[in-house]
Every structure is written in structure tokens, then in C-alpha cells.
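No experiment lies behind these values; they were computed from the predicted model shown. Just so you know, ligand 1 is whichever comes first in the structure, and atom 1 is the first atom listed for that ligand. Heavy atoms only: backbone and side chains are in, while hydrogens, waters and symmetry mates are out. Along the sequence shown, the residues carry numbers beginning at 1.
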Amino acid sequence: MAYSISMSLVHIIVFLWIQIKSASPSELSCNEFERSALLKLKQSFKDPLNALSSWKGFDCCSWKGVECGNYTDRIIGLNLSRKSLEGEINPSLLELKHIISLDLSLNDFNGTDIPDFIGSLANLRYLNLSNSNFVGSVPHHLGNLSRLQYLDLGSDESISISGLSNDDLSWVSRLSSLRYLDMRMINLRKATNWLHEVNELPSLSVLRLSSCNIYTIPQSILHLNLTYLTVFDLSSNNIRSTLPEWLFNMTNLNVLDLSRNFLSGPIPGTFQNMPFLKVLNLGHNSLSGYIPLSIDQLTSLEELYLNSNRLNGTLPQIIGQMSTLTILNVSSNLLTGIVTESHFANLSRLNILNLSFNNFSLQVSSNWTPPFRLDSIYMSSCRLGPRFPPWLITQKGYAKLDIGNAGVVDSLPTWFWSLTSEIVSLNLSLNQIKGSLPPSLHSISITFMDLSSNLFEGPLPRLHHGIQMLQLNDNSFEGTIPLDLGHDMPMLRCLQLSNNLFHGPIPRSLCELDQLVVLWLANNNLTGAIPDCWSNLGALEILDLGNNNLYGRIPESFGYMNSLVSLHLNNNDLFGELPLSLKNCTLLTLLDLSNNQLSGNIPTWIPNSLTNLIILRLRSNRFIGPVPPELSRLNSLQLLDISINKLSGTIPISFGNFTSMKKTKMKGTLLGEPWSGYEEHLMVCINGRQLRYTKTLSLVTSVDLSSNNLYGEIPSEITSLVGLLVLNLSKNGLSGEIPQNIGNMGWLESLDLSKNQLNGQIPPTLSNLTSLTHLNLSFNNLSGRIPLGFQLQTFTDPSIYEGNSGLCGPPLTEGCSQSSMNITSSNSGGDDGIGTLWLELSVIAGFVTGVVVVLSVLLLQRSWRLMFFVAVDKAFDWVHAKIGRSSKTSIIGVFGEDRENF
Ligand SMILES: *[C@@H]1O[C@H](CO)[C@@H](O)[C@H](O)[C@H]1NC(C)=O
Ligand SMILES: *[C@@H]1O[C@H](CO)[C@@H](O)[C@H](O)[C@H]1NC(C)=O
Ligand SMILES: *[C@@H]1O[C@H](CO)[C@@H](O)[C@H](O)[C@H]1NC(C)=O
Ligand SMILES: *[C@@H]1O[C@H](CO)[C@@H](O)[C@H](O)[C@H]1NC(C)=O
Ligand SMILES: *[C@@H]1O[C@H](CO)[C@@H](O)[C@H](O)[C@H]1NC(C)=O
Ligand SMILES: *[C@@H]1O[C@H](CO)[C@@H](O)[C@H](O)[C@H]1NC(C)=O
Ligand SMILES: *[C@@H]1O[C@H](CO)[C@@H](O)[C@H](O)[C@H]1NC(C)=O
Ligand SMILES: *[C@@H]1O[C@H](CO)[C@@H](O)[C@H](O)[C@H]1NC(C)=O
């Protein structure tokens, strides 16, 4: 965010510079004491770049960074900024008794304290120690610098992280000449009196306290001394209160930045005392209520950020009269209503407009010529359609356009691409826009292009070689993937072509995309073998080639993709054994190879090497041999589907040991790569139907061993998987009794034991399974009375018990003889209605926690953070919507999406 630099700051610097310069002309060589002090200083520094190489000879006034007065031989300024100096600061600095200006910023003092003795340089007017990797408490000795006008101790997040803190700012109040104070990133959490101390500085013009871990701001103040304050930056703190009114009494403010706090309550409408305010940033708080109509009293306002709050009501029309505005950002609020031409009537200087993620509907005449010419247009989720907005033709040369999910049902106008030669980022996703991409597109220097979920068609043309994200999924593009795509677009990080009509082979040139993180080609009709050339794709995290017609073996070179997190090769014609090299992909959390012709044993290197797996799906292949007991070492595994193979042997008793399936609190996280729009997804077979899971995939726990040749008893250990939602052991040759304590599996929603040779009675504890919505025990040798009880009573379809000649009692028509009467219902003792509801709510709570966990992990990975936040915002909306809906239905019922019959 480029703040206009405050004029007064410029004044201060010019003023100080003049003062330094004006001290006098020099023919004089330097003072001998000061020269030797400088040499000692030089010795105490490590100087890897030899930046102080000019510090030799007698005339120290001519040394780099050293400034002597014009009329004296004394040093008045030392500027060692950005010299990559390391080490400590020698106290010989104190010999420079006349020094007025000291700049040691942007060096690396390697975690040392700010030396106390700097507080003895009594003439200092300018002191800059910013971004220098000092740590510890700021010495209160600095309070002795009574002439100090400029003090910068801050750090920029992008450069360094500050290790400084300060529990008591009373020393600051002694700096009575101070005009500029920057303490960004210094931990002031315990300095609760900060405002009181700062308020003692009547000349203060610039106050920067962003990212200081400040928790409080006084709601009222007896007398506000800060009448000269022009810049007040309190952004990125932890302030949780309402907006204090006195803030709006600071008459000379140019910049007020309170963004990224937890401010709540309404925005006070008292703006009449701020005639010079140019930048008002209240974004990323929890402010509520309306945008005040009196906002137009800010007659100099250029940048208004109210984004990411909970503001409701409409956009005041009066904003259209604020002719000084260049940036208007009200995105991600709860605003509604119709936005018309008059909202923009006089906004001729507007440059950036962000109305995204509200509930606006833009209604302007078809020949509207806006007064502005925008550089960035963000109107995601505004209703602009059904026509493609004709006024865009007036906005030549914009760099960013986002009209995703805008209700446009139209063809892309022919003029569209001819206007966009400067465009960097384009999002037209989630509309119903028709059209094809012109062959000339490669001359447009676009970096991010998202046309997903529209009705685009035709071939994929060559695009600009600098493009990084290309999202064309969910359209009707056709033809082959261009053979040269890999060298034509070498910067791609994300390529999403899924759900189109592409056919033909996967071009080998894709293997040249060494920056690629997401490759999503699923749901096309790609044919031929997967090329064996993946050794350069060490950055790839998501590879989804599912639902194509790919033929052949899984390439050995997949083993070089050691960042791979998710691999979908399902629903192709792949055969052969799994390549041993896949062992290398140790970060894999999801492996879906289902519905192919893969053969051989299930390798034991899967549990031994792929220890992060959350989902393992080998369903419907030709795997033979035993079920490896080692699988239970997969501590994170939540979904195991090895059904429809030719596996034999018994169910390992170690299967009672799946750590994640024993937990009833969730769980792993599988969010895909939200910045890219790639959402993790999987078809899960439940009750004989395939359900497509996306956002809630990480909530599903399932073991499916059905349709194999397994025999022996069901190990009772399996009942310790109390977090399991789905258990399917059907269509095997299992014998013996159903484990008596099956009633422990309190989360089970679906239990299928049909088509085995199980015998004995149905355990009465089955009626404890209050979440059970699907049960199938048919075609076994079970006998005795069907237990009664809360949930079991809801299963009135007799077919779930059919084919067991010995069963009797409802819902079967066969009555029970007297001898089987002793088996009666077991009382679960609980109130099933409350129980079920509680489980569902805790699932949702678990999901929210999951999101928070990913969030904090991603916080550490800076580069994609912002885009991630956008995605999480959406995820939260989604959770809210679901909480509203889910209170009475089952998890599976609610969360399964896009049902398909199996
Ligand atoms: C100090 O001397 C330098 C060099 O002669 C000159 O450029 C500068 O203007 C002088 N400063 C003042 C305020 O006289
Ligand atoms: C920085 O400090 C650390 C430990 O405090 C020390 O190991 C390291 O050598 C220092 N580096 C320099 C360049 O002084
Ligand atoms: C305002 O500044 C004056 C003079 O610096 C000081 O005496 C007074 O205490 C300050 N007022 C407040 C409320 O801090
Ligand atoms: C704002 O200033 C006016 C006039 O100086 C004063 O009457 C009023 O009390 C001040 N409001 C606050 C909240 O400080
Ligand atoms: C707007 O938000 C305020 C404060 O949260 C609330 O009291 C009011 O009912 C809301 N108004 C509308 C129309 O939603
Ligand atoms: C997929 O491609 C194959 C081979 O080109 C063709 O036979 C088949 O009809 C295509 N399927 C679809 C759904 O287009
Ligand atoms: C597995 O990874 C190692 C090191 O990352 C690499 O040297 C080796 O070639 C890889 N093996 C295969 C088969 O890709
Ligand atoms: C299950 O885990 C426990 C504890 O880790 C271990 O002692 C036991 O041997 C495991 N059981 C099997 C069958 O692997």
C-alpha cells in the first residue's frame, strides 16, 4: 500500500539536512580524537563487503559516510546505512561529541542490545537504528536525547523481524523535540500506558506503531496534545475495542491507519475535524453498522479502506461526490443494495475500485461512461449481469479485472481482448460466459488468468510466456493440449485444465515446468501413456490426472517429485505394479489410484515410507496377496479403501491401531491449494453410492475392504476405531461372529457386513450406534432375534437382514420362537436425539479448528498467504451456511456433494 509520503516528514528530513550542511564550510581535515574513534569503531565491525574500505588516511571528513561540519573539523553526521555491517558498536562512538545525525539502519548487529551509551550523544537530532537486528529492551537512556527530532527503531516485516521490546515508554515522553517516531514491530504489549507517554510530545508529526502487539487504546483522553500529528499508524496490533472518538479530533492528520486489529462497533460519523485526511484505513477489523453518511466531510480523502469488516446497509451515494478519491475498497463486508451511476458521479480520479464479496448489484445504463479510468477493478460476487458489462469498454488499459461470480450470462464481447493489453490479472470465473480464446492472446502479458467455470470453448491457444496461473477448468475447451505448452509458458505455477473436452496425449513439454505447483488435468479424455519425464518437477504438490483414458505404467520418474502432497491417477487404464520410486514421495497425504488395472501386492513400503498418508484409495484394481498389517502404522490415515481387488487372507488385528480413526476429534487437513482454486476432493463410496467430498473430506473416516477374498473372523480390535464413520467389509468370506462390542463405534454412520458367512446372533450393542443411518447384514448365517433399540428401530427395510435364514423378529415377518426371546434390546441409556446433534456440531467445530490450524501453518509460508486468506474467508462462509443446515441430518447426508449412483 503506497501511502502518500507525508509532507511533514519530507520537511523534517530537509530541515535536518540543512542543519547538518549549514553548520559550516570545510577545508579542515578532521579531528584526531574523532579519527581514532572511527578507526576503533571500524575495528569492532565485521565488514564483509569491505564497505568501510575508504576509512584510511588522515582526512576522516572525506571517509565514506562521515560528515564534518562546514565551519568546524568536527564530525556531525555518520551514515552507515545499508552497509551489511555486523558485530558490535564500539563505545568509541562517544568521542563524536558533536554528532547530530546517526544512521546505522539496515545492518545486522546480530542480536545485540542497543547500546545504552547512544543515550549520551547529547546533540543527536536524527537517530536511525531501523532494521538492524537489535534485540532486547530499548534502553531508556535514549530519553536523554532531548534534542532528538527523528527516531526510527522500527523494522519492516519484509526485511527483518524485530527482537526489540519495551515495557515502559516513559523515556519517550522526555524527547520533547521529537517529530518522527517509528517503533514498528517492537513488542509494546506491556507498555499499556503508551498513549499517555506519546501524548507528552507536542511536536510529534509522525507516529508509527504498527505490529507492536499493542492491546489497548484508551477510549477517552483528557487533553490531546498531538495537534501536529500527520501520520498515525497503529495497524496490525491486537486492539480489541470500539473506535475511540478522540482519534477523529486530530485535525492535522493525513494518514490514519488502524487496519488489522480487532476493532468492533460502529464507525463514528464525526469527520468534520479532519479536513486534511488523505488515507483512512480501517480494513481487516470487525466494525459493524453502516458506512456513515458524513464520510463526505473528509474533503481531502484519497484512499478509503473499509474492507474485511462486518459493515452492513448500503453504499452511501454521497461517496460519488468525494472527487478526491483514488482508492475505494469496501470488499468483504455485508453490504447490500443497488450501486448506480450516481455512486461514482464525481469519482474522476478513482484508480482502484474494490466492491468484491458483498451483496451488491450494479445497475447502470447500457451506455454509461464512467468518469474514472480504473487500473484495478474488483467486483467479484457483485451482480453485474446478465449482460457482459458494456461500460468496461471505457476502461482501457486496466491491470487487474475481477468479475468472478457476477451473474454474467453472455458471450465475451469482441472488443474485450483488444482492451486488455496491459492486463496482469484476470478473473472471469463462475459466470456463464461463452466464447473462445483468440490466437493472438500470447501478446497480452497476463500473469494470472482464471476463466474457470464458464462456457468457454474451442482450442487452447498459446498464451504469454510469463503466465503463472492458468485456470480454465470446468469449461468446454477442446482439442489437444498444445505440445509446446511447457516451453511456451515456462513460468507456470498452476495449470488447471480439468473438466473440459481435451483429448490426446499429455505433452512431454509439461515436464519442463519446473515451477509448477498444481497440475490438474482430470476429467478430460486424455489418452496414451503418462510420459516418464518428471524429474524436474520437484516443486509439484498436486498432480491430478484422474478420469481420463491414460494407459500404461505409472512412470518411475514420479519418484523425483518429492514435494508431492496429492496424487490422483484414478479412473484410467494404468497397469503394472506400483513403481518403487514412489517411496520418495514422502509428503503424500492423498494417494488415489482407484479404478485402474494395477497389480501385484500392496507394497509394504507404502506404510513404511508414505507416513503422512491421510487417504489411501486403491479400490478396484487387481491387487493380490494379503492385506499388509503394517498399514496400521499410518498414524494419519483416515480413509482406507482397498475394496474390489483380489486380496486374500485375514483382516490384520493391527487394524485396531489406526490412530486417526480412534479419535473422535478431527483431524487431518486436506484443503488442496486454496490459492490456486484447487480444492482437494475424492469420491467416497458410501451405501453403494459414490459421493464427492471436497471441503469436508478431512472429516471422513472410512475403512472399506469389501469385495475381496478375505476370510477368518472380524478382529474385535477393529471396534476400537471409535472415530470411524464408515465400515464396509461386505462381499468377502468372513466367518465367525460380529464382534460383541461393535456398539463402541459410536460414530458409525454406515456399516455393511453383507455377503459374508458371519454367524451367531446380532450383538445387542448394535443398538448403541445412534448415528447409524445405513446398515446391511444381509446374506450371512446370522440367527436369533434382531435386537431392538433406538436407532435400529428406524431400519424398517427387511432386505438389510435377508438371506440369513435364522433371524427373526421385526422388521422381518418371521416371528421369534420362545427360545430366542431372551435376547432383547440393550438400553443405550442415552437420549439419542441430543447425542446425534452433539456429534454433528462437534464435527463442524472440528472443521473450523482444522482451518485455523492450516491457517497458522500457512502464516509461516509468506508468499501465498494473502491469497490463502481469501480462500479461507470463503471457506468460513461455507461453514456458516452448513451449520445452519446441518442440525438435523447426518454428516454423510449433508456433506456428500454431487451424488452419483454407483
Ligand atoms: C556546506 O558546504 C558544502 C560544500 O561547500 C555546501 O554545499 C553546503 O551548501 C554548505 N552548507 C551550508 C548550509 O552552507
Ligand atoms: C551472531 O550471533 C550468534 C550467536 O549469538 C553467533 O553464533 C554468530 O557467530 C554471530 N554472527 C556474527 C556474524 O557475528
Ligand atoms: C500535554 O503536553 C504538556 C506539555 O508537554 C504536558 O505538560 C501535559 O501533561 C500534556 N498533556 C497530557 C494530557 O499528557
Ligand atoms: C474534540 O474536540 C472538541 C473541540 O476541541 C471537543 O469539544 C471534544 O470534546 C473533543 N472530543 C473528544 C472525543 O475528544
Ligand atoms: C446492521 O448491523 C447492526 C450492528 O451489528 C445491527 O444492529 C443491524 O440490525 C444490522 N442491520 C441490518 C439491516 O442488518
Ligand atoms: C475418448 O477418446 C477415445 C479415443 O480417442 C474415443 O474413442 C472416445 O470416444 C473418447 N471419449 C469421449 C467421451 O469423448
Ligand atoms: C529419490 O530421491 C533421491 C533424493 O531425493 C534421489 O537421489 C533419487 O534419485 C530418487 N529416486 C528416484 C527413483 O526418483
Ligand atoms: C497396537 O499398538 C500398540 C501400541 O502402540 C502395540 O503395543 C501393539 O503391538 C499394536 N498391535 C498390533 C497388532 O500391531
**OP:** Check whether the ring centres of F357 and Y378 lie less than 6.0 Å apart, and answer yes or no.
**Re:**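 Between Y378 and F357, which both carry aromatic rings, the centre distance is not below 6.0 Å.
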Original post:
Short check: is a protein heavy atom less than 4.0 Å from atom 9 (O) of ligand 5?
Top reply: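 When distances to the protein are checked, atom 9 (O) of ligand 5 has no heavy atom within 4.0 Å.
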Original post:
Is a side-chain donor-acceptor pair under 3.5 Å present for N499 with N473?
Top reply: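 No - no donor-acceptor pair under 3.5 Å links their side chains.
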Original post:
Is there a donor in the side chain of N213 and an acceptor in the side chain of N238, or the other way round, less than 3.5 Å apart?
Top reply: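 There is such a pair (donor and acceptor under 3.5 Å, judged by atom type) between the side chains of N213 and N238.
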**OP:** Report, in ascending order of atom number, the atoms of ligand 5 lying under 4.0 Å from any heavy atom of S288.
**Re:**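 Once the distances to S288 are compared, the set is 5 (O).
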Original post:
Nearest protein heavy atom to atom 6 (C) of ligand 5, by residue and atom, and its distance?
Top reply: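 For atom 6 (C) of ligand 5, the nearest protein heavy atom comes out as N312 ND2, 4.1 Å.
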**OP:** In plain terms, say whether D156 and R184 are close enough for a salt bridge, that is, a side-chain N and a carboxylate O under 4.0 Å apart.
**Re:** yes
